[in-house]
Amino acid sequence: MIDKYNPAEIESATQKYWDERQSFAVSEDPDREKYYCLSMLPYPSGQLHMGHVRNYTIGDVISRYQRMLGKNVLQPMGWDAFGLPAENAAIANRTPPAKWTYENIDYMRTQLKRLGFGYDWNRELSTCSPEYYRWEQWFFNRLFEKNLAYKKMAVVNWDPVEQTVLANEQVENGRGWRSGAIVERREVSQWFIRITDYAEELLNEIDNLEGWPDAVRTMQRNWIGRSEGVEFSFTVEGEEPLEVYTTRPDTIMGITFISVAAEHPLALKAAENNREVAEFIQSCKNIHAAEKELETMEKKGIPLGIKGIHPVSGEEIDIWAANFVLMGYGTGAIMAVPAHDQRDWEFATSHGIEIRPVIRPADGSEHDFNQSSLISKEGITCNSGQFDGLDFNDACNAVAEYLESRGAGRKTINYRLRDWGVSRQRYWGCPIPVIYSDNQKAVPVPDDELPVLLPENVEFSGVQSPIKNDPAFYRTTLPNSDIPAIRETDTFDTFFESSWYFARYCCPGSNNAMLDERANYWLPVDQYVGGIEHAVLHLLYARFFYKLMRDAGLIDSDEPFTNLLCQGMVLKDGSKMSKSKGNTVDPQSMIDKYGADTVRLFMMFASPPEQPLEWNDDAVAGSYRFLKRWWALVHRNSDAVAAARPLSSDPDRIKALVDNDAKTLRRNTHQILAKADRNYQRIHYNTVVAGAMELLNSLDRFDSGKNQDCLVAFRESLVILNKILSPIVPHIAHRLWHVMGEAGDVLDAAWPRVDHQALKSDTVKWVIQVNGKLRSEIELTADCSEQEIRSMAVTDRKIRNFIGDAEIRKIILVPSKLVNIVI
RNA sequence: GCCGGGGUGGCGGAAUUGGUAGACGCGCCAGACUCAAAAUCUGGUUGGGGUAACUCAGUGUCGGUUCGAAUCCGACCCUCGGUACCA
């Protein structure tokens, strides 16, 4: 009687076994190669979703594989616990965000444990705990000291009904998602971190991130957006010079208007005695702050009746206020050349502004400026007076030199990247450790008074942050005095917490320092796994923060993540699983029904990690079937296999096999192992699983009782199958390892080696093509000469039929693979 | 709008990175077992034509490079992610 496959029993017993032995607790060991595998920590939203299960299974498979390669593997887990959803839940349920968050963490931790992930739970952290965020406050003080943190005015979405700031996500069609009120842009004083000081290094080091996907590297390069150009100014009568930046100084003679932001001082001045301008400025207050909205909305503008003097021609140019120019970015003013910029062209066309071509195509062709602008840099300047007849580079240099010699401008390097705004007008976040004196001067909270504790037991009566109305929180005194002062009530952007948690995992229990020397043992992270949606923001902030920590002397290396894997989303019926679409599948119900191993196996099998994964209930059942078949096969043969162990552990005995069936099985097994090796390294687990299924299919058909050779080969193959599968389905692999009578735990078994002798075959199958199309196949002995192969190919019956009377022009031969006859 | 992915049978996907398109699995069809069903096992399964041997077409669309293209190049279409306050 064979035991039935019972995943619930196997998985709980195996997890208990690992727990008792603390199998995944690790410490620094200078004698072993370390491997730090990190998965992006979850936001504790309530329960795990399929995206988490996928993310963490990939990380766990990598960790277990690296462990079998003999490395000292760290795999930690924690909670990105501050954030907006806790406040929304608090308002909906009248529960304090802290209580809601902690309960979610407790539940989700049990779910992670049920999935059998090999985490070192001794290192678990929650970013909302004071033991964590106090170091963030301490580090902010270091940034403040270096003038890397500063305050400036910046735009927020203001809901005039709720009297609160809204996130971009909370604005729908320009209205607040709860109140329905039209959202206004407001300028608020906020804290910024000078990421632009590090723009050059962040850009240059992308070249060294060879373990990152090219797509992410490209996106980060484009996000940082280095450009070379010229900065110059227009003189404006009775005003400060109006400064602009351009990457196309070669088109400077084609400027026909200038645009400034609606909040620009020139616009505000014009509005004082022009009602239309004032109304236009008022209408711009309702623009949603998101870039997508800004770039896709209808472009509007109004002339201010103010002129700027062109620095070369001396011509008077009209200055407009425009809704697509932002005060906070760059100088708040841009020059416009409709002939050579498509957005300017469209604006000029719809507002009747002159289009003045100053570049003509280098090939002498005519461009129709009534149809579109000419953006190409491959042209020659014209209508540009002294700058006529130059190509792009010469024109740019000539213009820059001219402006520079007259003190009107200069060459500069510009970045698209803007400083990191870290202030949030929200409650559930890390308090920014600053105190304001009477005159609004910001003073950091002294290190020895940290942490500034966020009160957790709060009443969420409305949408307003409770600490903004809580005198017990915000009333304080200046450091070392009894002079009354006011605390900052803004909290940090939650990207602040997620920018350094991976370093803190290395130093559990460090109560006297943000990081200690253990960080330099584990860091940088060898493999980071997370969603592609983090390609720019989180991953760029984390790189930046790492460099800040390096420059504060906390760590030695320059980049935090050596290798990066961005996994695709989990889809159901073609779209992302989400509560609002009602197409979620609860991982818990699947685990209850089939067990963790089946869910893990399906997740790895259904698609390659970087691609989206289509969820399919039936296919999950197929993964379960596979595990049942494996279970049954091992149990049917357990006694014979265990008895064969002493024999087939002997490498000489294995190499001395003479039975042809045994030799064929070995060749097959080692081919699959070679492929599994490659695919483990490439992290293509779907094809690893496919190989394991092929192997099981051939083992199921194999007659292991035929003779001793067959039994020896059979046992070897079962052992290899178990090792290949164990990172993916660790519970059943653990149990079957012992059922086969193997010693120790498969968790720590050495990764199997491909026997290249076993791969050799006596014959080679050749594909014969005519003009690149498959027409026949022949099997020849491996020692055939090239000449023999050619003549066999040409005289093949099917091939002769195909060629007929046609002349053979060429024969191409790809070694051990194919012959292509060109006729 | 801008930046970056993706598009292969009924479905998820494979193809050693320019060399046999469709591995493996799901689904479906047929058969075995069963009074029957479930479970399990065996075989088949890109489409068209043909009893068959075989043959033609075929990797989003159109064009190109090559002895040979899912793979490289150009243009386009659809779709997904990001777009600085969702995380």
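Naming convention: chains lettered A, B, ... in sequence-line order (proteins, then strands); numbering from 1 in each chain.
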What pairs with Tyr594(A) under ring pair (Phe, Tyr, Trp, His ring centres under 6.0 Å), at least two apart in sequence or on another chain?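 Tyr594(A) satisfies ring pair (Phe, Tyr, Trp, His ring centres under 6.0 Å) with Tyr624(A) once adjacent residues are dropped.
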Check: [X] side chain, [N] base, donor-acceptor under 3.5 Å:
| X | N | result |
| --- | --- | --- |
| Gln190(A) | rC85(B) | yes |
| Arg426(A) | rC85(B) | yes |
| Gln425(A) | rC85(B) | yes |
| Asn820(A) | rC67(B) | yes |

Determine: side-chain N/O of Asn157(A) to OP1/OP2 of rC85(B), distance under 4.0 Å, yes or no.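 No, Asn157(A) has no side-chain N/O under 4.0 Å of OP1/OP2 on rC85(B).
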Contact under 4.0 Å: Lys765(A) side-chain N or O vs rU20(B) OP1/OP2: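 No, Lys765(A) has no side-chain N/O under 4.0 Å of OP1/OP2 on rU20(B).
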Nucleotide nearest [X] when distance is taken to its side chain, options [options]:
| X | options | result |
| --- | --- | --- |
| Pro85(A) | rC24(B), rA87(B), rA84(B) | rA87(B) |
| Tyr541(A) | rG4(B), rG81(B), rA84(B) | rA84(B) |
| Leu417(A) | rG19(B), rU55(B), rA84(B) | rA84(B) |
| Phe605(A) | rC26(B), rU16(B), rG12(B) | rG12(B) |
| Ser607(A) | rG13(B), rU16(B), rC3(B) | rG13(B) |
| Glu291(A) | rA84(B), rC56(B), rU20(B) | rA84(B) |
| Arg416(A) | rG4(B), rA87(B), rA84(B) | rA84(B) |

Which way is the base of rU17(B) turned, syn or anti, if we draw the line at 90° from 0?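 Syn, angle within 90° of zero.
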Straight-line distance of Met603(A) CE to Leu613(A) CG, nearest 0.5 Å: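 Met603(A) atom CE to Leu613(A) atom CG measures 6.0 Å (nearest 0.5 Å).
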